[in-house]
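Accompanying notes for the structure given below.
Numbers restart at 1 for each chain; the letters A, B, ... are given by sequence-line order, proteins then strands.
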Amino acid sequence: MKFSLPRGLRDIEPEDFELMEQVREAFNQTCRLFGFDLMEPSPLELLETLEAKSGASIRDEIYAFKDKSGREVGLRFDLTVGLTRWVVSNRSLQYPVKIGSFAGLWRYDEPQYGRYRWFYQWDAEAFGPRNVDADAEVVDFTYSLFRRLGLDEVSIHIGDRKLLEEYIERQLGVKDELLVAEMMRALDKVRKKSLQEILEEYSSKVEPSTLSQLLDFGRLSGEAEEVLSRLEEYRLASTTTLINLIDLLKHRGVKNVVLDLSIVRGLDYYTGIVFEAFTADQALGALAGGGRYDILPAVFGRPDLGATGVAGGVDRTIIALKRRAAPTKPKEPTVYVAYVNKEVHAYAQHIASTLRREGLPAEVDLAERTLRKQLEAASKRNSEYVIIIGPKELSSNKVIIKNIKNGKEDVKSITETINLLKQVKKKVEVWCNHT
RNA sequence: GCCGCUGUGGUGUAGCCUGGCUAGCAUAGGGGCCUGUGGAGCCCUCAGCGUGGGUUCAAAUCCCACCGGCGGCCCCA
């Protein structure tokens, strides 16, 4: 264990990397469908930029250090800060600005299962409009992305911070900002702990009878129409936002929407609609979360801009993909070009290169191993086909093509072989586009 | 940052309580049996006690510290 990794870091190994690429592809395609431009903000920011979002205390929770010239810098802990900084400082952008990013982040947290100090997120943000259309766009984006990944059971829980604030102020008569924040924090735990536990935990900070009312209010959760009708009796003006949002989502064909007033999310900057995406197993935690954060552009000097967005954890999504029973993406047919002896070694490499130039994945042994070993390697590498080349094939200008799964062999010309492989490849592509 | 559990080849483990021969087994990797046809079998081989101290004639085993992993708390921007 001499050359181990620093705490909380890991290598992304081939199996996980493959799944991560699936998520990245689905995200990139969804960005194109919705007209979000892709970019990646700088991984390193000045510390003051990172602190703008949530105060100097952030320093303890991120990778922050002095560079060789003594500048205080930090590794990005989310993509929102960098994207917002970029948008805010580019005066020539046309609004709405819709941008997405898929990139690695660093946080100095205690590592735990599915939680590392270096991890990936995807992120889509819409800047400019303050209306609920932009929120609907972002929720629809999230829904569509999970659909594309085949995680059809993902449901989106939507809440509204404004509505909660109005309820706390008007109905509970609490005005003190810090107290309101504590109450929100408590409410956020409703999905993790029992009411009793929460009331006890906060008994020193918040009047239990008041908190209890809020928790009851927050337990309003379920099918949208039903929750909205039960909200009527409270006569809260902010309810209109949710009504409009739900209506828009219906027209957009977004399904699996749950109204859940206990959704709070991070306290530092969300201001309106907030939402989280869950799989059937809620213990896994949210796969993605987002909402409206109009405060942040204002912090960066653009109070005229609205902002709403969503960020998703790639590691949790990969866990969900692994648990899913549905068939995983079939591999393109790969071919192993095996050769009988040294004399035809060079010819085999020629064949493999020819296939690759035709866009067909092909492998060839690099170590002059015996035919037996080459076939063994081909079968372990999960190749679909083996091409076998010996002196006979070289002189007749043909190859043996063998289906590794059923062991059947054929003697074909190189052109015929290429055509066969291309047909198989096409079938796989059609399969992929259907799912 | 705090609390609890835990650490033996790449992976999974036996041995630890009760200190004592060359740290055992399985699997994965490399090779051979097998010089133009793979997945089996047999044989060989590579590879380990997280790190550093202490106790002892003797430490994987007992003690301490650190490091890593897992679970929880805080936080989740």
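- Separating the CZ atom of A:R369 from the C1' atom of B:rG30 is a distance of 9 Å, rounded to the nearest angstrom.
- The separation between A:D60 atom CG and B:rC2 atom C1' is 14 Å, rounded to whole Å.
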Sugar-phosphate or base contact per nucleotide [nucleotides 33-49 of chain B; S, B, -; heavy atom under 4.0 Å]: -B-BBBB----------
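- Crowding of A:Y347 atom OH: a count of heavy atoms from other residues, nucleotides or ligands under 6.0 Å exceeding 12.
- To the nearest whole angstrom, the two C1' atoms, one in B:rA60 and one in B:rU13, are 14 Å apart.
- Partners of A:K162 under the salt bridge (charged side-chain N to carboxylate O under 4.0 Å, His left out) rule, at least two apart in sequence or in another chain, do not exist in this structure.
- Taking the P atom of each, B:rC43 and B:rC25 are spaced 12 Å apart, rounded to whole Å.
- We find the CG-CZ distance between A:L50 and A:F77 to be 5.5 Å, quoted to the nearest 0.5 Å.
- Going from the C1' atom of B:rG24 to that of B:rA65 covers 31 Å, rounded to whole Å.
- Between the P atoms of B:rA23 and B:rG69, the separation comes to 30 Å (whole Å).
- Every residue two or more places apart in sequence or in another chain that forms a side chain to side chain contact (heavy atoms under 4.5 Å, CB included) with A:L248 is listed here: A:V132, A:D133, A:A136.
- Nucleotide B:rA28 holds its C1' atom 15 Å from the CD atom of A:E15, rounded to whole Å.
- We find the CG-OH distance between A:L163 and A:Y167 to be 10.5 Å, quoted to the nearest 0.5 Å.
- Here the separation of B:rG29 from B:rG12, taken at their C1' atoms, is 16 Å to the nearest Å.
- Using atom P as the reference point in both B:rG20 and B:rA26, the two lie 23 Å apart (nearest Å).
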Sequence neighbours left out, cut at 3.5 Å: what donor-acceptor pairs do the side chains of residues 405-415 of chain A make with other protein atoms?
unit_1, atom_1, unit_2, atom_2, d
A:N406, OD1, A:K408, N, 2.9
A:S413, OG, A:E416, N, 3.2

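- Relative orientation of the A:F102 and A:F27 rings is tilted, given thresholds of 30° and 60° on the angle between their planes.
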Shorter than 3.5 Å, N or O on both sides, protein versus nucleotides 69-75 of chain B: list them out with atom names.
unit_1, atom_1, unit_2, atom_2, d
B:rG69, OP1, A:G8, N, 2.8
B:rG69, OP2, A:R7, NH1, 2.6
B:rG71, OP2, A:Y113, N, 2.3
B:rG72, N7, A:Q112, NE2, 3.1
B:rC74, OP1, A:K189, NZ, 3.1
B:rC74, OP1, A:E201, OE2, 3.0
B:rC75, O2', A:E61, OE1, 3.0

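- Remark: the separation of the C1' atoms in B:rG10 and B:rA28 is 7 Å, to the nearest Å.
- For the pair A:R302 (side chain) and A:T84 (backbone), a donor-acceptor distance under 3.5 Å is absent.
- Ion pairing of A:R369 with A:E376 is absent here, as no side-chain N (NZ or NE/NH1/NH2) approaches a carboxylate O to less than 4.0 Å.
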Candidate pair A:R7 and A:E110, rule salt bridge (charged side-chain N to carboxylate O under 4.0 Å, His left out), full reasoning: CA-CA 9 Å; A:R7 183 167 171 78; A:E110 274 317 287; 2.6 Å; yes
Dot-bracket notation for RNA chain B, counting Watson-Crick and G-U pairs under 3.5 Å, with | for partners on another strand: (((((((..((((......[...)))).(((((.......)))))....(((((..]....))))))))))))....
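- The residues A:D216 and A:R219 are annotated as salt-bridged, a charged nitrogen and a carboxylate oxygen being separated by less than 4.0 angstrom.
- Nucleotides B:rG30 and B:rG9 are separated by 15 Å at their C1' atoms, to the nearest Å.
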